[in-house]
Amino acid sequence: MNIVILTGAGISAESGIQTFRAEDGLWENHPIEAVATPEGFARDPDRVYAFYNARRAQLQQALIQPNPAHHALATLARSAEHQVYLITQNVDDLHERAGSPQVHHMHGELKSAKCPISEQNQPWATQLTGEDLCQCCQPAQSLRPDIVWFGEIPYDLDQCERHLQQTDLFVAIGTSGQVYPAAGFAAQAKRAGAHLVEINLVATDHVFDERYEGVASEMVPLWVTQLLEK
Ligand code: OAD
């Protein structure tokens with residue numbers, strides 16, 4: 001079966017990474033327009049570097065580890081019976097660390113920096129500042145966090161849409177469905193005839209055919225086990 005999986009912040013919540021829109025979520029203390037827009041970066045780059053530096057440092061703390069939901073998706077992706085296309089809105093690397101072979105980070109990655117002109121990116125594990133320069137331009141440019149900000153176009157959209165056209169099953173895990181274009185993926189898959197499953201702490205949208213309500217670390221392994229036993 002062809003399966004497209006879309007994950008959001010909820011899958012990493014039990015690994016210790018804050019979601020965005022919970023009452024104590026990231027956007028509560030850090031205004032989106034200040035830290036997640038090109039205009040915010042132009043106005044106060046140091047604030048934006050500091051915000052993503054703190055999140056990159058947190059991601060590398062020993063206590064931040066993939067949870068059973070990430071591991072279950074990796075098991076599914078490696079199973080011979082299904083073709084899994086995993087899209088994540090998350091900028092952490094927990095799917096990779098759990099062993100998922102191919103992860104499409106539509107909103108970028110914390111452990112990557114990019115040139116604002118050529119858009120070439122490079123792995124980045126430490127603090128990033130405006131003094132870190134690219135090697136692709138003349139004169140060299142200050143690197144920026146490799147994050148897709150509001151107003152920018154997510155990565156790999158054409159490829160995602162191609163997979164949505166051909167999928168038998170679409171599964172949204174731990175995402176509030178408030179940010180487009182990802183929020184429109186379920187409807188796109190439905191139009192193409194796919195069965196839609198949602199796994200979330202609380203149900204979000206009536207478009208889904210089937211729901212698993214509860215924490216991702218329990219519900220995702222349950223769903224994967226059921227699918228593999230079918
Ligand atoms: P949100 O913070 O908007 O939503 C998180 C979702 O996860 C909610 O629907 C919660 O109910 C659910 N959730 C929380 N804990 C959970 C758990 N333990 N198990 C299962 N579900 C749980 O995060 P996203 O939908 O990922 O973009 O946000 C989408 C985008 O908005 C992000 O990629 C980010 C943000 O602005 C950019 O920064 C470009």
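Not measured: the values here are computed from a predicted model. Both ligands and their constituent atoms are indexed starting at 1 by order of listing.
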Trainee: Could you tell me whether Thr204 and ligand 1 have an N or O pair separated by under 3.5 Å?
Mentor: no
Trainee: Ignoring angles and geometry beyond distance, decide whether Asn90 reaches within less than 3.5 Å of ligand 1 through its nitrogen or oxygen atoms.
Mentor: no
Trainee: Residue-level breakdown please: for Glu14 versus ligand 1, do any non-hydrogen atoms fall below 4.0 Å on the side chain, on the backbone, on both, or on neither?
Mentor: side chain
Trainee: Test question: given the 4.5 Å side-chain rule for I, L, V, M, F, W and Y, name all other residues clustered with Leu73, or answer none.
Mentor: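 Members other than Leu73 - counting any ILVMFWY side chain reachable under 4.5 Å - are Met1, Ile3, Ile5, Ile11, Leu76, Val84, Leu86, Val103, Leu169, Val171, Ile173, Val197, Ile199, Tyr212, Met219, Val220, Leu222, Trp223, Val224, Leu227, Leu228.
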Trainee: Ligand 1 and Ala216, any nitrogen or oxygen pair closer than 3.5 angstrom?
Mentor: yes
Trainee: Test of understanding: clusters of I, L, V, M, F, W, Y form through side-chain heavy atoms closer than 4.5 Å, transitively. Do Val179 and Leu157 belong to the same one?
Mentor: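 The answer is no; the residues belong to distinct hydrophobic clusters.
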Trainee: Around atom 15 (N) of ligand 1, find the nearest protein heavy atom and jot down its residue, atom name and distance.
Mentor: Leu201 CD2, 3.5 Å
Trainee: For atom 6 (C) of ligand 1, which protein heavy atom lies nearest, and how many Å away is it?
Mentor: Gly174 O, 3.4 Å
Trainee: If you measure every N or O of Trp149 against every N or O of ligand 1, does any of those distances drop under 3.5 Å?
Mentor: no
Trainee: Is ligand 1 under 4.0 Å from a heavy atom in the side chain of Val179, in the backbone, in both, or in neither?
Mentor: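 Within the 4.0 Å criterion, Val179 contacts ligand 1 through side-chain atoms alone.
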Trainee: For Ser112 and Gln122, what are the C-alpha separation, side-chain angles and deciding distance, and is it a side-chain hydrogen bond (donor to acceptor under 3.5 Å, both in side chains)?
Mentor: CA-CA 6 Å; Ser112 173; Gln122 58 183 282; over 6 Å; no
Trainee: Heavy-atom count around Glu131 CD within 6.0 Å, excluding the residue itself: above 12?
Mentor: no
